[in-house]
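In what follows, chains are A, B, ... by sequence order, proteins preceding strands, each numbered from 1.
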Amino acid sequence: MLNPKLLRTEMDEVARQLGRRALKIDKDWFSFREQKRKQLQTAAENLRNQRNRNSKRIAQGKAAGQDVSEIMDEMIEINEELGTSEAELENYTTEINAWMLTLPNIPHESVPDGSTEEDNVVIRKWGELPNFDFPVLSHVDIGKKLGGLDFEKSAKISGSRFATMQGQVARLHRALIQFMLDYHVAEHGYVEVYVPYIVNDASLTCTGQLPKFEEDLFKLATDSPYYLIPTAEVPVTNLWRNHIANENELPAKYVCHTPCFRSEAGSYGKDTRGMIRQHQFEKVELVQLVKPEASWRTLEELTQHAEKILQLLDLPYRVVNLCTGDLGFASAKTYDIEVWLPGENTYREISSCSNFLDFQARRLKARWKNTATGKPELLHTLNGSGLAAGRTLVAILENFQDNQARVHVPEVLRPYMGGLETLSF
RNA sequence: GGAGAGAUGCCGGAGUGGUCGAACGGGCUCGCCUGGAAAGUGAGUGUGUCCUCAACGGGGCACCGAGGGUUCGAAUCCCUCUCUCUCCGCCA
């Protein structure tokens with residue numbers, strides 16, 4: 001959520017900034033309701049003040065054995081008036097709050113303007129693209145030949161956009177997850193956490209998936225509003241809901257492996273083949289909560305933490321700065337890391353690293369006690385995939401295939417594969 | 001699934017209708033004491049929001065799990081929900 005004060009005092013500037021996201025703000029709609037709200041709130045508070053004062057007078061009067069019926073009569077009038085203004089106030093605040101929940105974060109100045117992913121700006125590239133002197137296979141074909149990747153079986157079990165893995169491929173997938181977790185814990189100082197995969201609506205509102213993007217989620221058919229998590233970001237960031245941290249708790253750095261569930265509504269016909277876009281996939285997520293002054297530096301660090309995994313796996317990638325049109329709802333700035341996929345002859349997103357500034361923290365009420373001021377202040381939240389395991393598996397199958405019907409296992413994964421150096425088909 | 005108990009500030013814990021943002025204890029912070037420490041001792045110590053002040057500060061409103069209700073007045077009474085704990089049953 002954006003700072004309400006900013007909306008009240010700098011509305012023109014906010015509207016201009018959000019305009020970069022091709023969003024039109026109805027300034028008059030807001031200022032009218034905001035003015036009403038303020039007026040009604042002041043009125044209600046004054047009436048409550050009168051009521052509280054009279055209440056004390058009644059208590060004291062009764063104790064002294066005096067007649068308090070006059071004050072009681074006055075109270076009836078006050079309460080009548082208060083009831084009216086409270087009801088009206090409630091209408092306006094509900095309306096304003098609902099509206100504010102639909103406003104996305106303000107893009108940072110370093111975010112390029114643009115409408116589609118075509119306008120994203122490549123920041124850097126790493127690794128050399130492989131040169132194959134034989135017809136390159138896609139991960140779908142390799143997986144099938146290995147007998148380890150099956151989409152028909154999962155279609156039978158569940159439907160489209162699900163993968164079934166078996167044998168060495170399933171183990172390689174698991175090895176990737178273990179390796180990423182271990183590395184981020186040992187080398188980057190993250191704390192491993194295990195969290196629920198089902199969350200309530202409040203958690204999703206705090207991280208920004210709700211109320212606007214409910215159609216992207218799998219909602220359980222229970223009485224209470226339960227959803228499958230679309231990313232570990234939701235439960236992990238919500239660990240800090242309603243928490244005021246001491247300085248020594250910061251920065252908080254979590255690494256978490258979870259499955260992720262996405263309805264992929266609106267992506268019909270997109271990436272239908274293979275395991276690029278699935279309803280269910282595994283991801284190792286990095287989440288940080290930091291002091292505001294540290295968040296921009298942290299975004300660079302966190303992105304590099306994710307990149308490091310690709311470097312150790314020797315997978316070529318590039319980092320792009322998402323343009324305003326491609327930027328996520330809650331994010332102020334996002335670096336996507338895109339891995340090279342020879343089977344598609346293109347780069348594909350494998351990680352998304354974002355700085356949300358205080359946007360999520362405001363909804364979460366995630367704060368820290370600033371020792372300098374002695375006051376609680378909002379934290380900044382960041383997260384990034386480190387990495388999406390399914391897509392990393394795809395990248396390995398495609399980049400490390402050879403003309404001998406083999407896939408070479410990256411060295412860092414071999415300890416997790418019982419020393420296995422190649423998968424053969 | 002059945003039966004019961006509970007939810008109060010950083011923690012423990014009192015408070016069953018009025019002057020309660022909340023006793024008391026612990027913790028923590030600052031000070032005194034001390035060669036230094038412990039013990040002792042004094043003071044302070046919630047959050048949000050609005051108004052006010054040059055500043056220090058001062059003031060209003062709200063918050064005792066959440067939401068509703070009763071009442072002139074609710075931490076306290078009533079209803080609903082959520083969560084926690086204990087026992088029984090079932091179970092990975």
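- Comparing B:rC61, B:rC83, B:rU47 by their nearest atom to the side chain of A:Tyr226 picks out B:rC83.
- Taking atom C1' in both B:rG13 and B:rA23, the straight-line distance is 10 Å, to the nearest Å.
- Note on A:Arg48 versus A:Glu45: no salt bridge recorded, every NZ/NE/NH1/NH2 to OD/OE distance being 4.0 Å or above.
- Which of B:rG18, B:rC72, B:rA62 sits closest to the side chain of A:Asn52 comes down to B:rA62.
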Side chain to side chain donor-acceptor pair (under 3.5 Å) between A:Arg51 and A:Asn54, intermediate numbers included: CA-CA 5 Å; A:Arg51 189 184 65 182; A:Asn54 278 348; over 6 Å; no

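- The partner of B:rC56 cannot be assigned: no Watson-Crick or G-U wobble pair with both contacts below 3.5 Å exists in any strand.
- Using a 30° and 60° split on the angle between ring planes, A:Tyr92 and A:Phe32 fall in the perpendicular class, above 60°.
- Applying the 4.0 Å criterion to OP1 and OP2 of B:rC50, one finds that A:Arg8 has a side-chain N or O inside that range.
- Spacing between B:rC88 and B:rU29 at atom P, rounded to whole Å, works out to 44 Å.
- Of all nucleotides listed (B:rG48, B:rC72, B:rC51), B:rC51 comes nearest to the side chain of A:Lys38.
- Between A:Glu45 atom CD and B:rC51 atom C1' the separation is 9 Å, expressed in whole Å.
- Pair assignment for B:rA5: B:rU84, on the basis of Watson-Crick or G-U wobble contacts that are both within less than 3.5 Å.
- The side chain of A:Asn49 contributes no N or O atom lying less than 4.0 Å from OP1 or OP2 of B:rG59.
- For the pair A:Asp73 CG and B:rG73 C1', the interatomic distance rounds to 15 Å; values are reported in whole Å.
- Salt-bridge check for A:Arg273 with A:Asp141: passed, with a basic side-chain N closer than 4.0 Å to an acidic carboxylate O.
- Between A:Glu95 and A:Arg33, at least one side-chain N (NZ, or NE/NH1/NH2) sits under 4.0 Å from a carboxylate O, which counts as a salt bridge.
- Taking only side-chain nitrogens and oxygens, A:Asn54 never comes nearer than 4.0 Å to OP1 or OP2 of B:rG18.
- Across all strands shown, B:rA74 forms no Watson-Crick or G-U wobble pair with both key distances under 3.5 Å.
- Between B:rG65 and B:rG6, the distance separating the two P atoms is 14 Å to the nearest Å.
- Among the protein residues, A:Asn46 comes within range of no part of the nucleic acid, since none of its heavy atoms lies under 4.0 Å from any strand.
- Taking atom P on both B:rG60 and B:rU19, the two are 15 Å apart, rounded to the nearest angstrom.
- Taking atom CZ of residue A:Arg367 and atom C1' of nucleotide B:rC10, one finds them 14 Å apart after rounding to whole Å.
- Distance from the side chain of A:Met75 is smallest to B:rC72 among B:rC72, B:rC50, B:rC61.
- A:Lys375 comes within 4.0 angstrom of nothing in the nucleic acid, heavy atoms only.
- The distance from atom CG of A:Asp358 to atom CD of A:Gln360, rounded to the nearest 0.5 Å, is 10.5 Å.
- In summary, the aromatic rings of A:Phe329 and A:Phe359 are positioned with their centroids under 6.0 Å apart.
- Nucleotide B:rC32: paired with B:rG40 (Watson-Crick or G-U wobble, both distances less than 3.5 Å).
- Of the N and O atoms on the side chains of A:Glu13 and A:Gln17, at least one donor lies less than 3.5 Å from an acceptor on the other residue.
- Distance A:Arg48 CZ to B:rC51 P: 16 Å, rounded to the nearest Å.
- Rounding to whole angstrom units, CZ of residue A:Arg362 and C1' of B:rU49 are separated by 14 Å.
- Rounded to an integer number of Å, the gap from NE2 of A:His243 to P of B:rG46 is 18 Å.
- As rounded to whole Å, 19 Å separates atom P of B:rG46 from atom CG of A:Asn242.
- Distance check on atom C1': B:rA3 versus B:rA92 gives 25 Å, rounded to whole Å.
- Here the side chain of A:Ile58 is nearest to one of B:rC61, B:rG73, B:rG18, namely B:rG18.
- The separation of B:rA39 from B:rC32, taken at their C1' atoms, amounts to 14 Å, rounded to a whole angstrom.
- Candidate nucleotides B:rG48, B:rC72, B:rU19 were compared by shortest atom distance to the side chain of A:Ala63, and B:rU19 ranks first.
- The side chain of A:Lys56 has B:rU19 as its nearest neighbour among B:rU19, B:rU49, B:rG18.
- Rounded to whole angstrom, the span from the CG atom of A:Asp201 across to the C1' atom of B:rU82 amounts to 12 Å.
- In a base pair of the Watson-Crick type (N1 to N3 plus N6-O4 or O6-N4) or a G-U wobble (N1-O2 and O6-N3), with each distance short of 3.5 Å, B:rU47 is matched with B:rA62.
- Nucleotide B:rG17: unpaired (no Watson-Crick or G-U wobble partner with both distances less than 3.5 Å).
- Here the separation of B:rG68 from B:rC63, taken at their P atoms, is 11 Å to the nearest Å.
- Using a 4.0 Å heavy-atom criterion, one finds that A:Lys365 contacts no nucleic acid atom at all.
- Along RNA chain B, the nucleotide closest to A:Glu90 and the one closest to A:Arg53 are compared, and the more 5′ of them pairs with A:Arg53.
- B:rG21 and B:rC64 have their P atoms separated by 12 Å, given to the nearest Å.
- Comparing B:rG18, B:rU47, B:rC50 by their nearest atom to the side chain of A:Ser55 picks out B:rG18.
- The partner of B:rG89 cannot be assigned: no Watson-Crick or G-U wobble pair with both contacts below 3.5 Å exists in any strand.
- Both A:Lys369 and A:Gln60 lie close to RNA chain B; mapped to their nearest nucleotides by heavy-atom distance, the more 5′-ward contact belongs to A:Gln60.
- Checking B:rA22 for Watson-Crick or G-U wobble geometry (two distances, each under 3.5 Å) identifies no partner in any strand.
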